[in-house]
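Both counts, for ligands and for their atoms, begin at 1 and track the order of listing.
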Amino acid sequence: MGETGNMDAPGSGSLATINDDHVVAAYARWAPIYDWSFGAFTRRPCREAVAEMNTLPPGRIIELGVGTGISLPLYDRKHRITGVDLSREMLARARKRVAEDGLSHVEALEVMDAGALSFEDGAFDAAMAMFVITVVPDPGKVMAEMARVVRPGGTVILVSHFSVETGPRAVVERYMARFSSRLGWRPNFPIETVLGRPELRLVERRPVKSFDLFTLLRFERV
Ligand SMILES: C[S@@+](CC[C@H](N)C(=O)[O-])C[C@H]1O[C@@H](n2cnc3c(N)ncnc32)[C@H](O)[C@@H]1O
């Protein structure tokens, strides 16, 4: 897997480069400790986002960057869930969870690049990506792929950290950005990177707790 390059966010300068190898290496390290470290920190926003999916009529949902599958037990059993992730180590933990917890609403878990999905256009009623869009090598491709595989009228939900322009947090984010490839995510990631796509109409934007660091975005597939 090679370098997939940068995408420029409007008015933000270049995003730090992360490639697939960085991601795979970073999440092979994270996998054994993910659930009780970053995963514990993000449990509340994860619950909020899945609760929003659970208000939708029964449908097929794809979760991109499903990781160790922390979210999977939270989905209502009326839905059928497909999860994809680039990291075999993270996905192995998701598979174990599905088997141990008898999560029969999980249809498939596949090693796959969220920027090059093997599914047909409109194959899903909804797509979810939690704490993923700042991590992928090419966020523009992933947004385009989410829009492609969700049917018109369907739902796309993103939960992510987005960077701020001013104040102490902005200083910290800009400083940390130089370690993006090592961290496997981009601390400096403006929200504009994911907005303004004609096929995804923004219908909701709200902060979700933990520590006011995360934002939930809900789009309707036009
Ligand atoms: C911070 S973790 C979030 C995991 C999960 N969504 C959660 O909330 O617990 C980011 C996940 O995105 C995955 N990932 C990164 N780039 C990816 C890509 N291009 N395609 C699919 N998954 C990717 C990583 O392997 C990792 O499992």
Side-chain angles (χ1 to χ4, degrees), residues 1-7 15-53 61-75 81-98 106 108-119 127-146 148-149 156-162 180-187 189 193-194 208-210 213-217:
M1 287 180 281
E3 192 84 26
T4 47
N6 285 354
M7 191 183 108
L15 293 180
T17 297
I18 293 179
N19 67 35
D20 289 354
D21 296 333
H22 295 146
V23 172
V24 168
Y27 284 95
R29 287 194 300 269
W30 272 108
I33 57 166
Y34 186 86
D35 287 5
W36 49 266
S37 54
F38 192 74
F41 183 59
T42 57
R43 205 145 296 201
R44 185 162 169 185
C46 172
R47 262 203 303 271
E48 275 193 48
V50 177
E52 200 142 332
M53 281 294 187
I61 298 176
I62 181 167
E63 190 172 321
L64 308 176
V66 67
T68 62
I70 286 177
S71 62
L72 296 175
L74 304 173
Y75 286 97
I81 315 297
T82 293
V84 302
D85 203 285
L86 208 50
S87 164
R88 286 180 192 282
E89 288 83 359
M90 294 288 275
L91 216 49
R93 287 173 186 265
R95 291 200 174 107
K96 187 163 177 271
R97 189 190 305 274
V98 167
V106 178
L109 291 173
E110 296 186 31
V111 177
M112 198 182 291
D113 181 356
L117 298 173
S118 69
F119 305 102
M128 172 80 104
M130 286 184 280
F131 317 107
V132 173
I133 202 70
T134 64
V135 163
V136 296
D138 188 334
K141 259 194 193 171
V142 173
M143 293 302 294
E145 279 295 82
M146 273 198 284
R148 184 183 67 75
V149 300
V156 170
I157 293 181
L158 286 189
V159 180
S160 187
H161 160 264
F162 296 105
S180 289
S181 58
R182 176 104 184 112
L183 290 167
W185 65 286
R186 298 181 185 83
F189 191 95
T193 312
V194 298
V208 282
K209 301 256 181 317
S210 291
L213 279 177
F214 302 119
T215 301
L216 184 149
L217 299 175

Give every pair made of an N or O atom of ligand 1 and a protein N or O atom lying under 3.5 Å apart, one pair per line with both atom names and the distance to 0.1 Å, or write 'none'.
from	atom 1	to	atom 2	distance (Å)
ligand 1	6 (N)	Gly65	O	2.7
ligand 1	6 (N)	Met130	O	2.8
ligand 1	9 (O)	Tyr34	OH	3.1
ligand 1	19 (N)	Asp113	OD1	2.9
ligand 1	20 (N)	Ala114	N	2.8
ligand 1	22 (N)	Leu86	N	3.1
ligand 1	25 (O)	Asp85	OD1	2.6
ligand 1	27 (O)	Asp85	OD1	3.2
ligand 1	27 (O)	Asp85	OD2	2.7

Identify which one of Ile133, Thr134, Val132 satisfies the side-chain contact (heavy atoms from CB on, under 4.5 Å) criterion when paired with Pro139.
Ile133
Please list, chain by chain and in numerical order, all residues satisfying salt bridge (charged side-chain N to carboxylate O under 4.0 Å, His left out) with Arg148, sequence neighbours excluded.
Asp121, Glu145
Qualifying residues under ring pair (Phe, Tyr, Trp, His ring centres under 6.0 Å), relative to Phe162, sequence neighbours excluded:
none
Any carboxylate oxygen within less than 4.0 angstrom of a Lys/Arg side-chain nitrogen, looking at Asp85 and Arg93?
no
Tell me which one of Glu63, Met53, Arg43 satisfies side-chain contact (heavy atoms from CB on, under 4.5 Å) with Ser71.
Glu63
Among residues at least two apart in sequence or on other chains, which ones pass ring pair (Phe, Tyr, Trp, His ring centres under 6.0 Å) with Tyr34?
Phe38
